[in-house]
There are 2 protein chains.
Amino acid sequence: MPPRPTLHDVARSAGVSKSLVSLALRGDAGVGAATRERIVQAAAELGYRSNALARSLKQGRTRLVGALPSSLENPYHTDVVEGLEGAGVDAGLSVIMVPGAREPERRHRHLDLLLGLNVDGLVVIGSRVEPERLLAVARRVPVVLVGRPEIDLPGIDVVRNDDEHGAALAVEHLLDAGRRRILHVTSGTGPAGRARRAGYEAAMAARGRAADIRVVVSDAGRALRDAIVAACADGYDAVFARNDLEALAVIDAAADAGIAVPGDLAVVGYDDTALAARTRPHLTSVDQPRAQMGRRALALLLERLDGREDDVRDVFTPTLAVRESSAPPATRGRPGDRTRPPPSHMG
Amino acid sequence: MPPRPTLHDVARSAGVSKSLVSLALRGDAGVGAATRERIVQAAAELGYRSNALARSLKQGRTRLVGALPSSLENPYHTDVVEGLEGAGVDAGLSVIMVPGAREPERRHRHLDLLLGLNVDGLVVIGSRVEPERLLAVARRVPVVLVGRPEIDLPGIDVVRNDDEHGAALAVEHLLDAGRRRILHVTSGTGPAGRARRAGYEAAMAARGRAADIRVVVSDAGRALRDAIVAACADGYDAVFARNDLEALAVIDAAADAGIAVPGDLAVVGYDDTALAARTRPHLTSVDQPRAQMGRRALALLLERLDGREDDVRDVFTPTLAVRESSAPPATRGRPGDRTRPPPSHMG
DNA sequence: TTGAAAGCGCTAACAT
DNA sequence: ATGTTAGCGCTTTCAA
């Protein structure tokens with residue numbers, strides 16, 4: 001590979017100095033029209049592209065924002081990045097990301113990578129990076145946490161949705177739709193999972209259903225299925241799942257066990273990811289404004305870079321996207337919807 | 001934010017020269033044990049982290065590999081990145097990525113970003129970057145294309161699966177399972193889509209079903225549903241979809257129209273993404289070894305950096321992951337599987 | 001309007 | 001075993 005041309009090459013080719021090339025190429029006003037023309041010409045001919053590394057080194061900033069999603073498996077994360085990037089473009093910042101990982105070692109590697117690149121800001125999406133590490137990082141570069149409740153670190157802004165409220169939306173919706181007993185399925189030891197679980201319990205209690213509170217911590221496969229079967233036998237006719245992925249697992253387990261959704265069992269997920277509308281039955285899901293949260297994260301970063309000192313905690317209010325998976329027993333019977341009549345414990 | 005400590009700061013704090021700090025921190029053998037100790041100590045106290053920008057500028061390489069997925073919507077891309085990253089770690093290279101985009105303008109911006117960061121190699125995953133642009137890029141940095149058939153650019157390696165063969169696997173499987181007429185659903189104007197379509201047509205012809213070849217170019221929503229209904233009315237009882245996402249759309253449309261899958265209609269997807277096993281019915285899908293292809297892409301990059309001149313075209317052979325969505329009419333009737341009897345045109 | 005020179009933080013060849 | 005020095009490619013005073 002031929003070495004890429006530098007400012008110096010262009011300068012020589014145009015017969016001017018490096019500085020003038022730099023100015024001309026960046027559109028500085030005080031460069032003679034003819035000279036500028038010659039410079040632009042020469043640059044084009046050589047295929048010159050300025051070296052971002054060198055510029056960043058000189059300027060002490062990269063105009064880069066690093067995104068650290070906890071995983072790319074759940075579309076939630078990429079939706080946030082989407083918003084982040086959109087806002088970044090508007091602000092003249094570029095967003096780079098890493099694949100994301102659940103394993104702490106890999107996560108640390110990713111974090112180090114982003115930091116090593118001298119990103120001007122870091123957006124950590126739902127990742128379980130340890131608070132101490134976050135604090136250490138935040139002393140060198142602005143950090144915004146997205147989607148992580150239960151955390152209050154000085155110097156670190158947080159953008160999240162109200163998980164308790166979201167859980168309550170799900171519970172109320174199910175109850176209002178005529179469901180009697182609601183199970184909560186979660187695999188999470190994570191903060192968001194905890195908050196949703198707490199919201200579920202609170203909402204149940206608020207509706208006088210404290211006695212019905214039941215939580216299944218799902219591992220993959222058979223265990224979940226057995227738990228669902230057992231719950232149904234005990235009269236549970238609805239599930240509020242920690243997120244859409246869990247909800248799909250519930251639907252899958254139910255199908256395995258011959259339990260009809262939403263006939264025998266209503267299911268509500270969380271995040272309203274693209275999956276929700278793609279699978280059958282279409283999934284009712286709590287929707288957080290992910291792209292908007294991403295945009296907000298970038299705005300907070302900019303404010304920090306601009307000198308803001310006090311911490312921001314931005315809480316978005318989720319809404320409920322109602323779909324087929326939680327249709328009340330009475331509403332069923334659309335074409336193509338061949339579900340069983342409600343089980344006997346319904347009456 | 002306090003400025004981050006530099007080599008110079010550490011050197012002063014440890015009472016030695018910059019170079020010695022650099023050597024000590026990188027574990028050079030010829031540094032006195034005591035001195036090294038002192039240096040490491042000082043670095044730790046100051047929280048020193050070497051500046052990758054400066055190092056890269058000096059060394060003329062970044063040890064960075066850029067991944068440009070065409071979109072994060074389809075898990076296929078992230079699976080490839082996963083393999084890429086795994087191999088990267090083994091080789092001491094880091095993988096950075098951008099969100100990916102379908103719009104040409106955004107795609108170009110992403111490409112420029114990666115290039116501006118001086119990545120040592122670029123992996124373009126399924127993205128429809130124009131050949132001319134690819135060629136231009138490849139003159140400055142090694143480029144590997146993943147998942148893109150129909151392309152033969154000098155200086156650019158390609159890792160892909162045999163789409164024609166994959167399509168044939170799907171067709172044969174459906175025919176062998178007793179299906180009569182197979183529809184192909186694609187939205188793609190892309191190369192992979194074209195190749196799969198060609199494979200479908202060839203396989204149909206090879207089995208004497210040339211007369212049954214029928215292709216639906218799916219736009220969203222109603223149009224697809226109508227096309228499916230029409231096809232079923234014409235005796236089609238199976239669909240081979242361009243990818244898993246399309247397959248899910250087909251299943252969705254079928255459900256809307258009261259067409260049972262796999263009862264009335266068998267469906268086969270492509271890519272065998274995580275989605276396939278998550279939705280009901282579980283999706284039969286052509287599987288390409290995505291992670292392995294990612295690893296291979298990185299290996300090819302390394303070879304290029306090592307001076308290889310001739311082009312490599314690596315074609316992986318896909319396999320078929322058979323699941324519920326293509327179960328033959330006779331096999332149906334598992335618990336929880338309440339599908340209709342075969343429609344009359346079956347007999 | 002243009003050029004010269006300093007220096008961002010690092011590495012590596014060359015002293016000592 | 002340790003220090004000095006010269007850049008990597010760029011931006012940015014400061015002079016001319």
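In what follows, chains are A, B, ... by sequence order, proteins preceding strands, each numbered from 1.
We find that A:Asp112 and A:Arg133 are joined by a salt bridge, their nearest charged nitrogen and carboxylate oxygen being less than 4.0 Å apart. Using a cut-off of 4.0 Å between Lys/Arg side-chain N and Asp/Glu carboxylate O, A:Asp9 and A:Arg12 are scored as salt-bridged. In summary, B:Arg295 and B:Asp90 engage in a salt bridge, as defined by a charged side-chain N under 4.0 Å from a carboxylate O. Salt-bridge formation is not detected for the pair B:Arg290/B:Asp271: no Lys NZ or Arg NE/NH1/NH2 atom is positioned less than 4.0 Å from an Asp or Glu carboxylate oxygen.
Residue contacts shown for A:Gly60 are absent, as no nucleic acid heavy atom lies under 4.0 Å away.
With contacts defined as side-chain heavy-atom distances shorter than 4.5 Å, the pair A:Leu135/A:Pro154 qualifies. When side chains are defined from C-beta on, B:Ser50 does not count as touching B:Leu25, because their heavy atoms never get closer than 4.5 Å.
Residue B:Arg61 contributes atom CZ, which lies 11 Å from atom C1' of C:dT11 at whole-angstrom precision. Atom P of nucleotide C:dG7 and atom CG of A:Leu53 are separated by 22 Å, given to the nearest angstrom. Here the P atom of nucleotide D:dT12 and the CZ atom of A:Arg55 are 10 Å apart, to the nearest Å. Taking atom CG of residue A:Leu57 and atom C1' of nucleotide D:dC10, one finds them 8 Å apart after rounding to whole Å. If you measure from atom CG of A:Asn118 to atom P of C:dG9, you get 10 Å, rounded to the nearest angstrom.
Between A:Gln59 and D:dC10 there is no side-chain polar atom (N or O) within less than 4.0 angstrom of OP1 or OP2.
Within 6.0 Å of atom CD in A:Glu103, more than 12 heavy atoms from other residues, nucleotides or ligands are found, so the atom counts as buried in its surroundings. Atom CZ of B:Arg313 is surrounded by more than 12 heavy atoms from other residues, nucleotides or ligands within 6.0 Å.
A donor-acceptor contact closer than 3.5 angstrom links the side chains of A:His77 and A:Ser70.
Applying a 4.0 Å cut-off to non-hydrogen atoms, none of the residues of residues 33-46 of chain B approaches DNA chain C. Residues of residues 1-26 of chain A that place a heavy atom closer than 4.0 Å to DNA chain C, in numerical order, are A:Val16, A:Ser17, A:Ser19, A:Leu20.
Here D:dC10 is the nucleotide among C:dT11, D:dC10, C:dG9 with the atom lying nearest to any side-chain atom of A:Lys58.
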